[in-house]
There are 2 protein chains.
Amino acid sequence: MPYVMVQIPKTPAPAQRSVPTSADVARLAGVSRATVSYVLNNTSAVRISEPTRRRVHEAAEELGYVPHAAARSLRAGHSRMVLMPAPAIPVGSLYSRFINELQQALGRLDYTVVQYGSPGPAGDDAARAWAELRPVAVLVPGSGLGPQGVALLRRSGARAVVTLGPEAVRGAHALLMDHAAVGRAAGAHLYARGRRRIGVVVPEEPGLEVFSRPRLDGVRRSLRGTGATVTELPLAYEEEAAAALAARWRDLGLDGVFAYNDEYAALLLRALQDEGVAVPGDTALIGADDLMVGRLLRPRLSTVHIELPSGRDLAELVDRAVREPGAALERREVLGAAVVARDSS
Amino acid sequence: MPYVMVQIPKTPAPAQRSVPTSADVARLAGVSRATVSYVLNNTSAVRISEPTRRRVHEAAEELGYVPHAAARSLRAGHSRMVLMPAPAIPVGSLYSRFINELQQALGRLDYTVVQYGSPGPAGDDAARAWAELRPVAVLVPGSGLGPQGVALLRRSGARAVVTLGPEAVRGAHALLMDHAAVGRAAGAHLYARGRRRIGVVVPEEPGLEVFSRPRLDGVRRSLRGTGATVTELPLAYEEEAAAALAARWRDLGLDGVFAYNDEYAALLLRALQDEGVAVPGDTALIGADDLMVGRLLRPRLSTVHIELPSGRDLAELVDRAVREPGAALERREVLGAAVVARDSS
DNA sequence: TTGAAAGCGCTACCAA
DNA sequence: TTGGTAGCGCTTTCAA
């Protein structure tokens, strides 16, 4: 084959080794860009001959063609992103486990999950920043997004807005996570154990109020009208802080305490024991979240076990909402709380 | 004011309440789209008069205009995203804390962090999927990305590719996290305490091999040539598994054990004590990561404290790499390991 | 079965 | 100081 066809490009070769586009693929395969699109997206409405398909695929392969998601989004009017503002919540909590699971499940459904860093604007202002990405869905943990934020997101193309928090927001699907139920369970348990002067640990770490406040309120609610007292106990997650709290324990005169969760309970337990306070003899102690640490201590910690929906379930809800944007808004209670009585109460 | 100007739109009102574009803003403000762009982006190369600026801002405000990130990316050739494939790593680990911090720091630098779910394609195949998003930077935890993956990402516009793992990859910046150092520190410590028959707990949970394997190797390395023995102890993070391991402890005849991290150490400690094995009397125990749980147990756990770079530092590295894509590739050791001797060893 | 071309929203170059 | 407009890469309608 002594003669070689040399294709003279109409446009000069790009200066930098630039990214191949579908036009490059089309040129190499000797077809139009439309055909490339049909083949690469397996468009069912159009039938392309097998030889052509092969040529396109080979050309794409050879060039290392990678479609440009932004161009596709621009054309489609929205992206494949699910936006999830990252709540300022310490990792390791039960909740962050749930979030992780959810991300994975959404990934499997072919969505791209975008964690939007929490610092910066909040609430409805934040919604504007999120809207720039034209996400196909938005999951908002905690409260903070109002009806107008939801409206803005929907106007900018979000097919589904789902709130995960204590209350529903007009226009959005709601997964109601009522942390007050955790407090109610703990309060009722301590009361049933005969405790009447009850302390509630409230973490000082920022970002936890979303959970700690409702949990405290739940305890209050469960004890209302019983004559039992509720004492709020602010506590930083540090040994020194716990020791200081334990040092004034006798003065506080509490006979029962709900420690926000098992980690704070573990911290407090050690401090109380070091101070000579008997648990559960002098003071009954119950945590929450049913973490492993509670089972490793002596005495084993009583706890409130929390049942969260599986990430898969929520991912499916999102997927359904995206596919049928007109469907009725879901509003679902998704937090189950049950006391696991062990040895500390 | 009995007369009202009614503006007849040239194009019929969109059927759906559609998203306002910069053209809508321009129309309302009575200027061109170019001017809108200049004003809204504060383009310094062009000076726009104050009244015009105000009109544009007011129009944008009134319409609830939100720029379309995809259009901007298409135009710019790349997005403001930093892609970070989410490693299949349990939340709560020291490492996931670091990842979180990093995300926040990048958010503050005005990048959008995208968690790419791990399931699906792996290694260089995954790189293709990531490339579709035309990320401005890619952070790859763990190993798994090869030189050709890096090349593909760079070709598709990534200004910086940073690996976080045991080894550097050609073409990418490297943050070397040598977990073998953790094992070496633990091994040397146990040896110095006079222990010669040493067990190393290796978690059975998937996704942890990335850390557990080098940690084990580190112990082996530190003991090479000393005559001390190393026994691998697979362990699932469950009480039953720990109890089973403890039950055959006497047969194993170990006098020292490095338990991967403090959580596994806590699990094992309880099981050993329940079995009547004295710690540190019969067996010295050391964990790693310096978690709070280790300080709450009796005896307090010795541990290997790990120093990771702050998320801020890494975020700045990324930002610098993005801004000077031509600069030399960084290659930095970032994991410091130091024994904290407490009461369990 | 395939191709031509419009147009998604935005920025930046060049003119006025 | 402002406007006109090309063009980023892709999908999809309409025509051939």
Side-chain angles (χ1 to χ4, degrees), chain A residues 10-11 14 16 18-27 29-56 59-60 63-80 131-134 136 155-157, chain B residues 11 14-16 18-27 29-56 59-60 63-80 131-134 136 155-157:
Chain A
K10 284 168 198 156
T11 52
Q16 312 276 15
S18 77
V19 198
T21 72
S22 73
D24 296 320
V25 176
R27 211 169 302 133
V31 300
S32 75
R33 284 152 68 218
T35 305
V36 170
S37 176
Y38 292 143
V39 171
L40 263 28
N41 293 314
N42 255 318
T43 309
S44 51
V46 182
R47 292 203 55 75
I48 303 285
S49 69
E50 207 40 61
T52 305
R53 300 185 88 80
R54 203 198 324 282
R55 283 220 311 288
V56 169
L63 292 173
Y65 169 69
V66 174
H68 194 311
R72 192 176 278 167
S73 301
L74 183 57
R75 170 70 214 214
H78 62 82
S79 62
R80 281 294 290 176
E132 290 194 9
L133 294 174
R134 298 292 191 274
V136 68
R155 252 192 300 129
S156 56
Chain B
T11 52
Q16 311 278 12
S18 78
V19 199
T21 72
S22 74
D24 296 321
V25 176
R27 210 168 302 136
V31 300
S32 74
R33 284 151 66 219
T35 305
V36 170
S37 176
Y38 294 143
V39 171
L40 262 29
N41 294 312
N42 253 318
T43 309
S44 51
V46 183
R47 291 203 54 77
I48 304 284
S49 70
E50 207 40 61
T52 305
R53 300 185 87 79
R54 200 194 330 281
R55 282 221 311 288
V56 169
L63 292 174
Y65 168 69
V66 175
H68 194 312
R72 193 177 277 167
S73 301
L74 184 58
R75 171 72 216 208
H78 61 84
S79 63
R80 281 295 291 177
E132 290 194 9
L133 294 174
R134 297 293 191 274
V136 68
R155 250 193 301 129
S156 57

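All figures in this text were calculated on a predicted structure; none of them were measured in a lab. Reminder, nothing fancy here: chain letters follow the sequence lines and each chain counts from 1. Atoms considered below: every heavy atom in the structure, side chains included; atoms not considered: hydrogens, waters and symmetry mates.
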Whole-Å distance between [N] [atom2] and [X] [atom1]?
{"X": "N42(B)", "N": "dA12(C)", "atom1": "CG", "atom2": "P", "value": "13 Å"}
{"X": "R27(A)", "N": "dG3(C)", "atom1": "CZ", "atom2": "P", "value": "14 Å"}
{"X": "Y65(A)", "N": "dG9(D)", "atom1": "OH", "atom2": "P", "value": "10 Å"}
{"X": "N41(A)", "N": "dT2(C)", "atom1": "CG", "atom2": "C1'", "value": "16 Å"}
{"X": "R72(A)", "N": "dC10(D)", "atom1": "CZ", "atom2": "C1'", "value": "8 Å"}
{"X": "D24(B)", "N": "dC10(C)", "atom1": "CG", "atom2": "C1'", "value": "13 Å"}
{"X": "I48(B)", "N": "dA12(C)", "atom1": "CD1", "atom2": "P", "value": "13 Å"}
{"X": "R134(A)", "N": "dC8(C)", "atom1": "CZ", "atom2": "P", "value": "14 Å"}

Are the side chain of T43(A) and the backbone of A45(A) linked by a donor-acceptor contact shorter than 3.5 Å?
-> no
Examine distances only and state if a side-chain atom of S22(A) and a backbone atom of R33(A) form a donor-acceptor pair shorter than 3.5 Å.
-> no
Can you find a side chain N or O atom of [X] that sits less than 4.0 Å from OP1 or OP2 on [N]?
{"X": "T35(B)", "N": "dG3(D)", "result": "yes"}
{"X": "S49(B)", "N": "dT1(D)", "result": "no"}
{"X": "S22(B)", "N": "dC10(C)", "result": "yes"}

Counting the atoms with a prime plus P, OP1 and OP2 as sugar-phosphate, which does [X] contact under 4.0 Å by heavy atoms, base, sugar-phosphate, or nothing?
{"X": "T52(B)", "result": "sugar-phosphate"}
{"X": "V31(B)", "result": "sugar-phosphate"}
{"X": "S37(A)", "result": "base"}

Protein and nucleotides 6-8 of chain D: nitrogen or oxygen contacts under 3.5 angstrom:
unit_1: dG7(D); atom_1: N2; unit_2: R75(B); atom_2: NH1; d: 3.1

Selection from dG3(D), dA5(C), dT1(C) that lies nearest to any side-chain heavy atom of A34(A) |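 Of dG3(D), dA5(C), dT1(C), dA5(C) is nearest to the side chain of A34(A).
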To the nearest 0.5 Å, what is the distance between [atom1] ([X]) and [atom2] ([Y])?
{"X": "L63(A)", "Y": "T21(A)", "atom1": "CG", "atom2": "OG1", "value": "9.0 Å"}
{"X": "T35(B)", "Y": "R53(B)", "atom1": "OG1", "atom2": "CZ", "value": "11.0 Å"}
{"X": "R75(A)", "Y": "L74(B)", "atom1": "CZ", "atom2": "CG", "value": "13.0 Å"}
{"X": "R55(A)", "Y": "I48(A)", "atom1": "CZ", "atom2": "CD1", "value": "11.0 Å"}

Report yes if a donor N or O on one partner sits less than 3.5 Å from an acceptor N or O on the other, where the partners are the side chain of Y38(B) and the base of dC13(C); otherwise report no.
-> yes
Stepwise side chain to side chain contact (heavy atoms under 4.5 Å, CB included) check, V19(B) with R134(A) = CA-CA 10 Å; V19(B) 199; R134(A) 298 292 191 274; 3.5 Å; yes
